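Each remark here refers to the structure printed beneath this line.
Whatever order the structure lists ligands and atoms in, that order sets their numbers, starting from 1. Here the structure is a predicted model, which means the values were calculated and not measured.
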Amino acid sequence: MADIIKLLPDAVANQIAAGEVIQRPASAVKELLENAVDAGASDIKLIIKDAGKTLIQVIDNGCGMSETDARMSFERHATSKIQSADDLFSIRTMGFRGEALASIAAIAHVELKSKKLEDELGTLLEIEGSKVKKQEPVSCPDGTSISIKNLFFNVPARRNFLKSDAAELRHIIEEFQRVALVYPGISMSLFNNKRFLYQLKVSNQKQRIINILGSNYTERIIPMEQKTDKVNIHGFIGKPEFAKKTRGEQYFFANKRFIKHPYMHHAVDSAFQELLPSGAFPTYFIFIDIDPGFIDVNIHPTKTEVNFQDNQLIYAILRSSIKQSLGKFNIIPSIDFEIEQSFDLDNRPADQPVKNPFIREKTGYNPFDTAGSALSQQRNTLPSSTQNRNTENWQDLYEIARGKTDTGMPEPQKEEASAALPSLESAVTARFFQVQNRYIITVIKSGLMIIDQHNAHMRVLYEKFLASIQDQKAASQQELFPRNLVVSPDDAEILREIKEELEITGFSIKELGSNTFVVDGTPSGYENNNINDLIEGVLENYKKDIKDVNIDKKVKIARAMAANMAVKKGKKMHAEEMEVLIDELFRCSVPDKTPDGRLTFYTVPFDDIDKRFL
Ligand code: ADP
Ligand code: MG
C-alpha cells in the first residue's frame, strides 16, 4: 500500500496555527503592540480602518530590525527573545514563542518597514499568505511599521465570523487599553477611521488611567501599594461609592501583562466586602510584580490565565493592602442605606470626626493587618444595624396601626375616612403604603400585594421607551443649564452608536469633539437631578447587555434607560406617585417582570395568611 502521510506545506501549517493566535483583528493588534513594547519603543501609534478589517497598522520607534531579522521574523518559532529552555523561567518580554508574525502573515497582506538606528537604510517586505512578494531596501524612520491589510483574506470562515465593526472596534480598544495602562512611560495613540480615539502622552500611572478612562476618575481612585521581598503589589482602586454596575474596570497585570485571575479577584472583592451595595463591582487597576520564576510561564500567547506559585500568600497580601488603602483614605460607606442609618444612631459628638474606616470582616485573622486594632475597635462601637432595623420596623408597624405615622402613607380615601372608623381601620383601608422606602404594599381581592418600587418603575419606563424608540417619537424637555459631559473614548464610541435612539426617546445630545458632549434635552416628564450621571448610568447599563447579540439594540437601549431612570430603592414615594406607578404598571404588557426578568410584585394570598392562624 502506498504511504499516505505527508508533511503539510508551511503555508498551510501556518494558516492552521494562525487560527489559534489570531481570532479577530484585536488579536493582531495585541501581538503588534506587544512587539513594539518589546522593541523598547517610547512611542507607539496604532492606526485602524474599518475596525481592523481593512487595515491595522502599528508604527513604533523601537530598536528596528536588520534585513535578515526582518525576513526571519516571519518564520515560525523565530524569536529574538529566548535562546534556551532556561530562559523560559526568567522571561520578562510580552512575546517569546515566535508565532505571531508568522501567523499574521499566513492570513493577511503584510507590509513591513523596519530600520535600525545605526543603519542607513531600512528594509521593506511585502508578504501575502506567507509568500514573500517583495523585499528591498527602503528609506524609512528608525523603528518598525507593520501594516496588516485584508485580514483573513484566505480564511473566509473567519472573516464571516467577525462581529459588527462596533463590536470588533471595542475589542481593539480593549487591547489597546490593556497595553496603555501598563506603560504610561510610552506615548501611545489610537487612530480609527478619521478620528483619534486616544492620544496618550507620557505620564505617571494615575494620569494614564485618567487619560484612558476619563477625567472624572481623578476623584474616583486611590493608590494602594504593598512591597514584600517576594512580590510588589501596587496600583489604584476605585472608591466604593463609584463602583460600577458592570465588571468593566477591573484589571490585573502580572509582570506588566494583563491577566484574569478569579482567585485574586476574590481577594479584592472580599476586601471591599460590605462597602459595596449588591450588584456593584469594585474598580481596580492592580499590578503584581513578581520574580518570573514564581509564575507558570508556559502560557499560550493569547491566554490571559496565569498561575502564581504562591497563590495564597499573594491573596493575603493583596487583600490586606486594599483594606489598608481603604482605611488610609477614610473610605466610609455612603451608599448602603441601612449602614448609613446605623451611623445616624451613633451619637458621636460632632467635634469628633469619624477617622477609622468601617469595614466589617467575617474572618478575624489577617497576618498583614497593621491597621487591625483600630478597625476592630471601630467595629465594636457600631450598633448592630440589623437589630435596630428590626425594632424600628415593629415600631413603624405599631405607629402605622395607630395612625401616627407620616412615612409617606396616604390619607385614607375620603368616603372611608368619613365613616369615622377607628384609626387602626383607616390605616388598613389606605390604598397603598410604602415600607422601607422600597416596597409598596396594597390589598387586593385575593391577598396582600407587595410591589418593588424600583423594579415596577423599570418595567413601566422600559415599555414607554421601547414604544417611543419604535414609533420614533417622544417629547423632550429642554435643560436650562446644560453642562458638558466628558466621557472616556470608548464610552464616546458607544454614545455615538446609540445617540440616535437616545434622541428618539427625548434626549438631545451634541458632540463637541474630543470625547465631550453636551446634553441639552432630556425625555420629558422625568425628574433628573444630574444629567451627566444619568447618561453615564445609561451607558453603564447599556454596556451590561452589549455583548449579548441576541438582544435587539433598541431593547438594550430601552432597558439601559429604564434601569437608570427608575425610582431608586430608598426613595420615599408620595401617595399620588404610588398610585400613578401602580396604575401604569398594570397597563404594561408584561407587568409582573422587569425587562431582565426579575419580579416586580408578589402576592401573599389571604388563603395562606388564613392558614397561618388556624
Ligand atoms: P515573539 O514576539 O514571540 O518573539 P513574533 O512573531 O511576535 O514573536 O516576533 C518575532 C520576532 O520579530 C521578535 O522576536 C522580534 O525579534 C522581531 N520583531 C517583531 N516585531 C518587532 C518590532 N516592532 N520591532 C523590532 N523587532 C520586532
Ligand atoms: Mg510577539
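A pairwise comparison of heavy atoms in A100 and E31 identifies CB-OE1, 3.3 Å as the closest pair. Scanning both residues, N193 and K49, for their nearest heavy atoms gives OD1-CA, 3.4 Å. The heavy-atom pair separating R208 from M188 by the smallest distance is NH1-SD, 4.2 Å. Smallest separation of non-hydrogen atoms from E67 and T123: CA-OG1, 3.4 Å.
With respect to atom 2 (O) of ligand 1, the closest heavy atom belonging to the protein is K81 NZ, 2.6 Å. Here the heavy atom of the protein found nearest to atom 22 (C) of ligand 1 is T144 OG1, 3.7 Å. For atom 8 (O) of ligand 1, the closest non-hydrogen atom of the protein is G98 CA, 3.1 Å. Nearest protein neighbour of atom 15 (C) of ligand 1, counting heavy atoms only, is S80 OG, 3.4 Å. Ranking the protein heavy atoms by distance from atom 12 (O) of ligand 1 puts S73 CB, 3.2 Å first.
Residue L101 has at least one nitrogen or oxygen atom sitting less than 3.5 Å from a nitrogen or oxygen atom of ligand 1, judged on distance alone. Considering backbone and side-chain N/O of D38, none are found under 3.5 Å from N/O of ligand 1. Where the criterion is an N or O separation shorter than 3.5 Å, residue side chain and backbone included, A102 fails it with respect to ligand 1.
The Mg ion (ligand 2) has no N, O or S atom of T79 closer than 2.8 Å.
In D60, the part holding a heavy atom less than 4.0 Å from any atom of ligand 1 is the side chain.
Ligand 1 has no atom lying under 4.0 Å from any heavy atom of E31.
Under the 30°/60° scheme for interplanar angles, the aromatic rings of F252 and Y284 are found to be tilted. The aromatic rings of H266 and Y315 sit parallel to each other, their planes meeting at less than 30°, with 60° as the upper class boundary.
In summary, of the residues considered (R24, R159, K163), a salt bridge (Lys or Arg N to Asp or Glu O under 4.0 Å) with E168 occurs for R24 alone. A side-chain hydrogen bond (donor to acceptor under 3.5 Å, both in side chains) with D289 is found for exactly one of H234, K256, K227, namely H234.
Counting the atoms of ligand 1 from 1 in the order shown, those under 4.0 Å from a heavy atom of T79 are 1 (P), 4 (O), 14 (O). Set against the non-hydrogen atoms of A100, the atoms of ligand 1 under 4.0 Å away are 6 (O), 7 (O). Close contacts between ligand 1 and M65 involve ligand atoms 17 (C), 18 (N), 21 (C), 25 (C), 26 (N), 27 (C) [criterion: under 4.0 Å to a heavy atom].
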For this session: Decide yes or no on side-chain hydrogen bond (donor to acceptor under 3.5 Å, both in side chains) for E536 and N216, but give the supporting numbers first.
Result: CA-CA 11 Å; E536 275 189 36; N216 43 16; 2.9 Å; yes

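Proximity annotation for atom 25 (C) of ligand 1: of A39, A36, S114, G62, A39 comes nearest, heavy atoms only. Of the options V58, I59, N35, V21, the smallest heavy-atom separation from atom 9 (O) of ligand 1 is shown by N35.
Ring to ring, Y251 and F285 are close: their centroids are under 6.0 angstrom apart.
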